[in-house]
Amino acid sequence: MTTIKPGASPITLINVFTVAPENQRALLDILKGASEKVRGVPGFVSANLHRSLDGTRVINYAQWETREAFEAMLIRPEIWEHFAEAERYATHEPHLYEVDSIHEP
C-alpha cells in the first residue's frame, strides 16, 4: 500500500516521462507491464501511474522499502526489457525521494 510519511521508509521513485500524446497510452501499457513484473520483487511497496491531461507526460510514483531494494531491482534483466521498450516512446527523468513534510486540512 502506498504510504506517505515524513522521515521514514519507504523511499519513493518519481520518474517523469515526456511522451507524444499519441504514444501516451502505449507508454502506460508498457509501464503497467513493468509494474506487474516488480510486484513480487523483495522490497517493492507500490507503483502508481499518473497521466497528464494534455497527453505529454506520464509519472511513475513508486515506493520501495529501502534504496538497496530499489537498486537490487535494477539489476534484474526482465526489468530492463520494459525500460528499453519505454525508451522507444518517451524520454524520462527518474529520481529517488524521501518525504520531507505533509500538509493536510
Side-chain angles (χ1 to χ4, degrees):
M1 176 182 294
T2 303
T3 302
I4 300 175
K5 189 166 80 172
S9 287
I11 59 109
T12 302
L13 166 72
I14 299 176
N15 197 350
V16 179
F17 292 84
T18 301
V19 61
E22 64 271 17
N23 293 326
Q24 188 187 54
R25 176 51 47 200
L27 178 61
L28 282 161
D29 290 343
I30 292 165
L31 295 175
K32 285 179 187 179
S35 296
E36 288 301 313
K37 290 259 186 190
V38 299
R39 285 181 76 183
V41 173
F44 175 74
V45 176
S46 69
N48 303 273
L49 300 174
H50 303 258
R51 60 184 172 88
S52 68
L53 298 180
D54 67 0
T56 64
R57 302 279 189 285
V58 171
I59 307 296
N60 179 8
Y61 179 97
Q63 292 187 315
W64 292 84
E65 289 176 359
T66 63
R67 182 183 193 130
E68 293 76 22
F70 171 77
E71 291 171 350
M73 174 275 301
L74 289 177
I75 64 172
R76 300 172 80 95
E78 68 271 21
I79 302 305
W80 282 98
E81 295 170 16
H82 288 282
F83 291 159
E85 193 175 1
E87 287 177 345
R88 290 182 23 225
Y89 292 98
T91 60
H92 63 105
E93 190 175 332
H95 294 279
L96 293 177
Y97 296 85
E98 62 185 8
V99 177
D100 183 73
S101 62
I102 296 172
H103 308 270
E104 298 176 327

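These numbers were taken from a predicted model, which means no experiment stands behind them. Side chains included, hydrogens not; waters and symmetry mates left out as well; all remaining heavy atoms used.
Transitive grouping of hydrophobic side chains (ILVMFWY, heavy atoms separated by less than 4.5 Å) brings Ile102 and Tyr97 into a common cluster. Val99 is connected to Val16 through a chain of hydrophobic side-chain contacts under 4.5 Å among Ile, Leu, Val, Met, Phe, Trp and Tyr, so both are in one cluster. Linking ILVMFWY side-chain heavy atoms closer than 4.5 Å, directly or via other members, places Tyr61 and Val58 in two distinct hydrophobic clusters. Leu27 and Trp80 fall into different hydrophobic clusters, where Ile, Leu, Val, Met, Phe, Trp and Tyr are joined by side-chain heavy atoms under 4.5 Å apart, directly or via other members. By the rule that hydrophobic residues join a cluster once side-chain heavy atoms approach within less than 4.5 Å of another member, Leu28 and Ile14 end up as members of separate clusters.
The closest side-chain heavy-atom distance from Val45 to Glu65 is below 4.5 Å.
Under a 3.5 Å cut-off, the side chain of Gln24 and the backbone N or O of Arg57 do form a donor-acceptor pair. A distance-only check finds no donor-acceptor pair linking the side chain of Trp64 to the backbone of Pro42 [under 3.5 Å].
The line from CZ of Phe70 to CD1 of Ile11 is 6.5 Å long, rounded to the nearest 0.5 Å. To the nearest 0.5 Å, atoms CD1 (Ile59) and CZ (Arg51) are separated by 13.0 Å. Taking CG of Leu31 as the reference point, atom NE2 of His92 lies at 9.5 Å (rounded to 0.5 Å). Taking CD from Gln63 and CG from Asn48, the interatomic distance works out to 7.5 Å, rounded to the nearest 0.5 Å. Atom OG1 in Thr56 sits 12.0 Å away from atom CG in Asn23 (nearest 0.5 Å). Taking CD1 of Ile30 as the start and CG of Leu49 as the end, the distance is 11.5 Å to the nearest 0.5 Å.
Atom CG of Asp54 has more than 12 neighbouring heavy atoms from other residues, nucleotides or ligands inside a 6.0 Å radius.
For Pro94 against Leu13, the heavy-atom pair with the smallest separation is CB-CD1, 3.8 Å. Ser35 approaches Ala47 most closely through the heavy-atom pair OG-CB, 3.6 Å.
Applying the salt bridge (Lys or Arg N to Asp or Glu O under 4.0 Å) test to every pair with at least one member in residues 10-39, sequence neighbours left out, gives these pairs: Arg25-Asp29, Glu36-Arg39. Applying the salt bridge (Lys or Arg N to Asp or Glu O under 4.0 Å) rule to pairs touching residues 80-96 yields nothing, sequence neighbours excluded.
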